[in-house]
2 protein chains.
Amino acid sequence: MRTNLSHSAKLTSIKDIARVARVSHSTVSRALSNSPLVNQKTAEKIRRIARDSGYRASAVARSLVTRRSHTIGVVVTNIADPFVAGVVSGIEETAEGHGFSVFLANSNAEPEREVRVVRSFEERRVDGIIVTASRVGARYVPLLSNMRVPIVLLNNQHPSQFAHSVMIANIQASLDATRHLIELGHRRIAYLGDRGGHQSETERFTGYRQALEAAGLRLNRRLVTQGDGKPEAAKGAMAHLLALPQPPTAVFCYNDLSALGAIRQIRDSGLHVPGDISVVGFDDLYISQYMDPPLTTVRQPMRQMGCMAMQTLLDIFAEAESGHDIKVPGELIVRASTAPPKEKS
Amino acid sequence: MRTNLSHSAKLTSIKDIARVARVSHSTVSRALSNSPLVNQKTAEKIRRIARDSGYRASAVARSLVTRRSHTIGVVVTNIADPFVAGVVSGIEETAEGHGFSVFLANSNAEPEREVRVVRSFEERRVDGIIVTASRVGARYVPLLSNMRVPIVLLNNQHPSQFAHSVMIANIQASLDATRHLIELGHRRIAYLGDRGGHQSETERFTGYRQALEAAGLRLNRRLVTQGDGKPEAAKGAMAHLLALPQPPTAVFCYNDLSALGAIRQIRDSGLHVPGDISVVGFDDLYISQYMDPPLTTVRQPMRQMGCMAMQTLLDIFAEAESGHDIKVPGELIVRASTAPPKEKS
DNA sequence: CGCCTGATTGCACACGTGTGCAATAAGCCA
DNA sequence: TGGCTTATTGCACACGTGTGCAATCAGGCG
């Protein structure tokens with residue numbers, strides 16, 4: 001036995017309340033928004049009626065007249081990606097705190113779907129859009145250039161002149177991570193990247209390279225290899241590194257999932273982490289602290305980055321137009337997957 | 001130099017197009033919805049103008065008059081939970097495929113926030129609501145009983161008469177998992193639960209108990225312990241089990257994260273998995289296949305469950321009112337964390 | 001030529017809320 | 001008592017789209 005007062009049952013509106021309270025709907029509207037323009041007594045009476053009748057104001061109608069939907073759209077490559085989920089969590093948190101609701105849409109990294117989703121957001125009349133970790137990049141420009149709502153890109157391909165952005169400081173963070181390995185005494189340090197060719201990838205490699213340079217180490221191209229950001233491919237790439245005549249004593253990985261795959265390959269080859277090889281990741285996923293050994297990695301403040309992206313939109317809504325190209329510093333978290341090398345090289 | 005034609009720039013509406021095309025707005029409306037009531041030639045002309053002017057229909061205005069927003073609300077405890085993220089991914093997938101947009105909101109497992117969020121969804125005039133993994137349970141009844149939109153509960157506390165539901169078949173799946181251990185030859189099998197007291201918890205314990213019964217094994221209360229669904233607490237619980245005079249030879253864990261903590265504790269105690277102790281999880285998170293050793297666990301088809309929940313709503317919208325209390329079977333995935341016990345007990 | 005049919009279009013209203021402006025009432029002061 | 005100020009309320013329109021109904025027009029047929 002289910003309560004199924006099918007959708008046709010018309011909800012109580014502001015006019016219904018007006019009829020009961022014997023006032024005009026204008027007065028009800030004002031009373032419910034606590035306008036000082038309405039008599040205190042009648043206002044209370046109206047609010048009581050509204051409460052008793054289970055009235056729910058229609059945000060739809062309100063949006064139509066105020067031209068503000070108090071709604072934002074978030075387009076992500078894949079919500080199942082833990083980094084993305086963390087970011088969205090932060091976005092939703094501050095959005096809810098400011099009376100905004102968030103539309104979520106996956107793009108599955110398919111450009112045409114991404115475009116379709118953005119179009120749908122425009123029709124929904126969202127007040128702003130946040131795009132996370134998209135690979136669309138340049139294809140976006142025509143779409144963005146005649147965008148009618150502010151857009152914030154988060155860790156995106158090519159933050160352009162048309163949009164605001166929040167990005168992790170990839171270069172500096174990677175530099176720190178690599179320097180950590182150098183300071184431990186490592187000299188043959190490999191880089192296990194992501195052949196996807198994101199901007200993040202390029203930047204993280206740059207940080208790696210700069211750290212080597214600063215320490216007077218030569219960049220060895222044979223120690224640079226590519227996975228695809230997932231454990232399986234990283235395993236293969238790691239196997240390749242281990243097969244070198246002079247294998248590395250440490251690996252800096254594009255992300256934690258790659259590090260996970262690398263560690264498994266190292267184990268499978270009968271070697272130990274960090275005894276034989278040190279491993280550093282990037283992201284600091286929730287599980288990284290529980291990996292075996294606990295992973296040394298660069299923490300991306302995912303939630304915080306989501307908050308900042310949303311805050312950027314809120315600032316724009318409030319006309320507080322300031323520089324909105326934020327670089328968020330990463331934080332090196334040293335755990336047990338790194339140690340000094342066994343042998344001097 | 002940013003394009004910031006602030007929000008006041010009024011968008012082109014159906015009326016603007018009508019003016020250009022020298023017809024009434026009604027005709028434009030019909031042309032854009034491919035109504036056969038409009039002349040083919042003028043229809044094409046109108047559509048061309050719409051395309052050239054970058055017209056975007058207002059879903060807000062349309063929702064107001066059609067009383068259908070083509071929108072659903074999804075309330076989750078925490079989007080950063082990988083199970084939840086998988087479910088949401090499935091929901092969004094089928095929603096997008098049917099022209100629906102999804103509002104996402106976290107409840108953080110705070111009942112009052114959950115209620116606030118549902119209220120907000122009502123104001124947004126969503127066509128339906130999906131609630132995932134809520135612990136609110138009984139407190140929900142008053143909220144649900146005068147709900148005006150259909151609601152689907154997914155792996156929820158107490159699927160009530162007021163709502164439809166999609167649930168994993170906890171009892172059967174847990175029974176399968178435990179039987180797997182029994183068939184391997186284990187006799188002292190522990191249960192590492194979640195003291196949170198979800199319905200899932202109770203059911204998974206029931207499956208464990210039934211498997212023991214069916215095999216003629218006595219339920220040993222000392223082998224039943226509680227964590228909180230996260231690795232840290234599971235570590236503690238596992239330490240407790242290992243300290244028993246007769247420690248178990250196998251552990252069935254409430255979820256994969258608990259299993260992760262259990263494995264770490266077993267390692268820290270100088271024992272091996274599965275050599276000394278076998279471990280089974282529940283969920284089959286993405287990382288579980290990459291754990292060391294790869295985890296034997298019960299796969300919850302997260303995406304598929306999300307799809308089913310959304311499909312249930314779609315059925316209800318289409319008036320196809322059939323029994324909507326779906327039990328989804330779990331699938332036991334046997335990997336390397338389980339093996340026959342060393343010693344006969 | 002007049003009537004009927006079908007195609008095409010516009011009028012007018014509706015959806016639920018917000019708000020500028022005028023209208024009314026009440027209170028105050030000279 | 002008359003005029004002014006202030007508090008309170010309602011009228012009327014707007015937001016952008018959908019749709020029932022009437023109106024108009026063209027064409028065909030008797």
Side-chain angles (χ1 to χ4, degrees), chain A residues 7-47 49-50 53-71 99 122-127 148, chain B residues 7-47 49-50 53-71 99 122-127 148:
Chain A
H7 359 290
S8 56
K10 52 179 168 295
L11 309 190
T12 67
S13 82
I14 209 178
K15 291 181 183 172
D16 301 322
I17 297 177
R19 199 175 312 115
V20 176
R22 300 176 176 283
V23 292
S24 72
H25 81 276
S26 319
T27 303
V28 175
S29 172
R30 295 194 181 99
L32 294 182
S33 56
N34 295 318
S35 161
L37 285 182
V38 46
N39 180 285
Q40 201 60 21
K41 295 274 290 180
T42 53
E44 279 171 16
K45 175 180 165 193
I46 289 172
R47 282 194 278 266
I49 295 176
S53 63
Y55 168 75
R56 292 290 139 84
S58 166
V60 174
R62 179 179 298 142
S63 300
L64 185 58
V65 50
T66 63
R67 297 161 152 289
R68 282 307 197 87
S69 66
H70 278 251
T71 277
E122 291 190 291
E123 297 191 347
R124 297 282 178 199
R125 295 297 190 264
V126 298
D127 293 334
R148 327 195 71 97
Chain B
H7 358 291
S8 56
K10 52 180 170 293
L11 310 191
T12 69
S13 83
I14 210 178
K15 291 182 184 174
D16 300 322
I17 297 177
R19 199 175 311 117
V20 175
R22 299 175 176 283
V23 293
S24 73
H25 80 277
S26 318
T27 304
V28 176
S29 172
R30 294 195 181 98
L32 294 182
S33 55
N34 295 318
S35 161
L37 284 182
V38 47
N39 180 284
Q40 202 60 21
K41 295 273 290 180
T42 54
E44 279 169 17
K45 173 180 165 193
I46 289 171
R47 281 194 280 265
I49 295 176
S53 64
Y55 168 75
R56 291 291 139 85
S58 166
V60 173
R62 179 179 299 142
S63 300
L64 185 58
V65 49
T66 63
R67 297 161 154 287
R68 282 306 197 88
S69 66
H70 278 252
T71 277
E122 291 191 290
E123 297 190 348
R124 297 281 178 200
R125 295 297 188 264
V126 298
D127 292 334
R148 326 195 72 98

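Being a predicted model, the structure only gives us computed values, none of them experimental.
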*Between B:Glu122 and A:Arg56, is there a side-chain N and carboxylate O pair less than 4.0 Å apart?*
yes
_Among residues 33-44 of chain B, which ones have heavy-atom contacts with DNA chain D below 4.0 Å?_
none
_Would the distance check show the side chain of A:Ser35 and the main-chain N or O of A:Ala31 forming a donor-acceptor pair, the cut-off being under 3.5 Å?_
no
*Distance-only, no hydrogens or angles: does the B:Ser69 side chain make a donor-acceptor pair with backbone N or O of B:Arg125 under 3.5 Å?*
yes
Could you run down the sub-3.5 Å N/O contacts of the protein with nucleotides 11-17 of chain C?
{"residue": "C:dC11", "atom": "N4", "partner": "B:Ser26", "partner atom": "OG", "Å": "2.8"}
{"residue": "C:dA12", "atom": "N6", "partner": "B:Ser26", "partner atom": "OG", "Å": "3.4"}
{"residue": "C:dG16", "atom": "OP1", "partner": "B:Arg67", "partner atom": "NH2", "Å": "2.9"}
{"residue": "C:dT17", "atom": "OP1", "partner": "A:Tyr55", "partner atom": "OH", "Å": "2.4"}
{"residue": "C:dT17", "atom": "OP1", "partner": "A:Ser58", "partner atom": "N", "Å": "3.2"}
{"residue": "C:dT17", "atom": "OP2", "partner": "A:Ile14", "partner atom": "N", "Å": "2.6"}

_Donor-acceptor under 3.5 Å (A:Asp127 side chain, A:His70 main chain)_ = yes
_Going by side-chain contact (heavy atoms from CB on, under 4.5 Å), A:Ile46 matches just one of A:Val20, A:Ile17, A:Asn39. Which one?_
A:Ile17
*asked:* Mind checking if A:Val23 touches a base, just sugar-phosphate, or nothing, with heavy atoms under 4.0 Å?
replied: sugar-phosphate
*Rounded to the nearest 0.5 Å, how far does OH of A:Tyr55 lie from CZ of A:Arg47?*
13.5 Å
*Determine which pairs satisfy side chain to side chain donor-acceptor pair (under 3.5 Å) with at least one residue from residues 18-31 of chain A, sequence neighbours left out, and list them in order.*
A:Asp16-A:Arg19, A:Ser24-A:Thr27
*Between B:Ile46 (CD1) and C:dT8 (P), how many Å, whole number?*
12 Å
*May I ask you to test the B:Leu11-A:Arg148 pair for a side-chain heavy-atom distance under 4.5 Å?*
yes
